[in-house]
Visitor: 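The structure's right below; bear with me while I get my questions together.
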Amino acid sequence: MAEERKIRVLMSKPGVDGHWRGIVTVSRGLRDAGMEVIFGGFQSIEQIVETAIEEDVDVIGLSIHSQAHIPWTKRIVSLMEEKGIKDSVLLIIGGVIPTLDHERLKELGAAEVFGPGTPIKKIADFIRENVKRKQKVSAS
Amino acid sequence: MFKEDEIKRIEEREKEWLKRIEGVKERKARFETYSGIPIKQLYTPADIRDHNYLEDVGFPGDAPFVRGVYPTMYRSRFWTIRLFSGYGTPEDTNKRWKLLYEEGETGFSAAVDVLTFNGIDPEDPRADVEVGTEGVPLYCIDSMYALTEGLPIDKISVALVVEPFSSAPVCAMYFNMAKGRGIDIRKLMGTCQNDILTMTCGFVPFESVPPDQMLRLACDLIEWCVPEKNVPKWHPINFTTYNYREGGIDAIQELGFGFANAITHIDELIERGWKVDDFVNRLAFHLSAHKDFFEEIAKYRAARRIWYKLMKDKYEAKDPRSYEFRFHIQTAGSSLTAQQPMVNIIRTAFQALAAVLGGCQSMHTNSYDEAICLPSEEAVRLALRTQQVIQEETGVADTIDPLGGSYYVEWLTDEIEERVWKYLDKMTEAGGNVVKLLENGWLYKEMADAFHKRQRAVDEGEERVIGVNCYLSREEEPPIVFRTNEKAGEIERERLRRLKERRDNRKVEELLDKLRRACDKGENVMPAVMDATAAGATLGEVCNVYREVLGTWNPPIVI
């Protein structure tokens, strides 16, 4: 049996906000949960999408604490669409984001939004379930 | 403090008492403070048997300052109520400041946006949508006029929460504005954060200068304001341990980071030829008021004694004012939850009470909606009222250091002090001053380990957080979300466009050249920054000179 490929996750911060506890905590947590984490840190939207393609990731995780989650999500989804990775790469967003905006971000194209107090396991479980589903969809 | 035979009798009685409770099952297998200090069932005079009251505790305003930094403390004047506040545009923030002032706030504090923090102008596409979303944008001198319009800044102190990369230009814009309003800046009261570790460990910087250059910029501002006496009443630095504590480090590490940071700056200024008494009285601290009530109170008491010893023994300060450890407080934002947000009001009230019992000089109380968005008017008013209830209704400020003499609090004060000295030794062994500890990544590792430890503690239920891992509510009404000004980006870009049209662009270029030369030669940057910002140079223009001459830095973050 071939060794199963580890799920690959790119973790990045769009913009210049320096709240870093969230991204480091989730990155280490996902790595401990058996995933391959590529730590992008601060990256422009263009750099994030480029890295996602180069590194052939399954998931892009954005950490946003600046309250600019709506414009950043719009920009990344539009570029993911343009580069043809919108359907193959799962976009998840975390940070201080009002619950009322979670639905809006999902309408824009985020698969899920995780706020403060989310257990790491919940994020890891979500990724495992939805990455598979996403791969099936793109394979069909 | 106690007679030896009396202590013996107490200890004998304690043994009997312990026998009585032997085998009684307790709530937890072990009791410890948030920082992991083991806690006994009970403390008695035997736990502080070695105390010499006059030497180890003393009187308020007297060595070793455990009971307070001033002789009269809150009997003569309450702490300053200073709510950290800023969003949208300088005009929007001015409205909020006026509201808070009318409601009884006694000091102002500007939370700046992420572009101001990182020295970036609003045209930059890497940050154009973050203008005013997390604080007030302060990109030029015009912004300062708008921010303070109609407010008595000659009588009330203002805190500018900016870090070493942008602190010199932002303070310079503020000082120039004050001059323009006819205020003598030698009398100007206020403070800026100007804290390397906030810029690097509290947050990570975006295209900022390397740590040794941050230290230089921070010390340039201190030197120009205080020993050179340009703005002598200004507090040109606040060692903001609050910001690193928010990452999850404990109370011992919080003080360790803070004192190591202060030592690094003091050493640099002494290296520049100043005497400690020339400037040290203006260096201030900004601590956290975290969850563990008694530990926090003991932390403030221990911090005052540590500072006194540092000044007296290490630096041989002679001026009694050099011994005063003064601090601002922020209640712990990281203790707030997005779940059941009204519970945050209660958390904040307890934390604020600890800060008052610990003798703070000024305080910010968080709003209940801060784990969700920037504070709404309703939420910030309640945060303000929390402090006013403590001042006017509880009576806790009517005697000085009311917990002094509590066997537990005195014991814990000693215990924290001892642990902080040990931690400082550990920091010295790990690399020395904070610049080296940033360069070699040690501080980043301490922070990242703390992130992970806290997350695991909450995920595994070892640290109980109401609404997160216990007492969950089935139905939750999300609170009203406060939205910042969506047009802030456009407004600020327009503000800069108009400024650039109006100013003498050639003169600005020349003055930026002067700054370039000062940076290059290692001269104090402040005179050049004052001139450039007065002539209308923007924050981004000044910071780009820094980047160009001093270089940029990527922090060695490990996950």
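In what follows, chains are A, B, ... by sequence order, proteins preceding strands, each numbered from 1.
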Visitor: Measure the CD-CZ distance between Gln67(A) and Phe482(B) for me, rounded to the nearest 0.5 Å.
Guide: 10.0 Å
Visitor: Quick one: what part of Ser334(B) sits under 4.5 Å from any heavy atom of chain A, side chain, backbone, both or neither?
Guide: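 Side chain only.
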Visitor: Measuring heavy-atom distances to chain A, does Tyr444(B) have an atom under 4.5 Å in its side chain, in its backbone, in both, or in neither?
Guide: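 Both parts, backbone and side chain.
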Visitor: Measuring heavy-atom distances to chain A, does Glu246(B) have an atom under 4.5 Å in its side chain, in its backbone, in both, or in neither?
Guide: backbone
Visitor: Measure from the side-chain N and O atoms of Gln455(B) to the backbone N and O of Val26(A), and report whether any donor-acceptor pair falls under 3.5 Å.
Guide: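 Between the backbone of Val26(A) and the side chain of Gln455(B) there is no qualifying donor-acceptor contact (under 3.5 Å).
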Visitor: Under 3.5 Å, is there a donor on one side chain and an acceptor on the other for Ser66(A) and Glu130(B)?
Guide: yes
Visitor: Please classify the contact between Val129(B) and chain A as side chain, backbone, both or neither, with a heavy-atom cut-off of under 4.5 Å.
Guide: both
Visitor: Taking it one step at a time, do Arg454(B) and Arg21(A) satisfy side chain to side chain contact (heavy atoms under 4.5 Å, CB included)?
Guide: CA-CA 11 Å; Arg454(B) 294 296 169 201; Arg21(A) 181 174 176 174; 3.3 Å; yes
Visitor: Before accepting this row, confirm whether a basic side-chain N of the pair Arg456(B)/Asp32(A) lies closer than 4.0 Å to the acidic partner's carboxylate O.
Guide: no
Visitor: Tell me whether Trp20(A) contacts the main-chain N or O of Pro205(B) through its side chain, where contact means a donor paired with an acceptor under 3.5 Å.
Guide: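 Judged by distance alone, no pair lies under 3.5 Å.
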Visitor: Can a salt bridge be assigned to the pair Arg28(A) and Asp449(B) using a cut-off of 4.0 Å between side-chain N and carboxylate O?
Guide: yes
Visitor: Could you tell me if the side chain of Lys121(A) sits less than 4.5 Å from the side chain of Asp459(B), heavy atoms only?
Guide: no
Visitor: Quick check: closest heavy atoms across Val24(A) and Val558(B), and the distance to 0.1 Å?
Guide: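 Closest pair (atom of Val24(A), atom of Val558(B), distance): CG1-O, 4.2 Å.
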Visitor: Kindly indicate, with the supporting measurements, whether the criterion side chain to side chain contact (heavy atoms under 4.5 Å, CB included) is fulfilled by Asp17(A) and Phe117(B).
Guide: CA-CA 9 Å; Asp17(A) 163 75; Phe117(B) 181 92; over 6 Å; no
Visitor: Dump the intermediate steps for side chain to side chain contact (heavy atoms under 4.5 Å, CB included) on Val16(A) and Ile120(B), then the final yes or no.
Guide: CA-CA 9 Å; Val16(A) 300; Ile120(B) 296 170; 3.8 Å; yes
Visitor: Checking heavy atoms, do the side chain of Leu336(B), its backbone, both or neither come under 4.5 Å from chain A?
Guide: neither
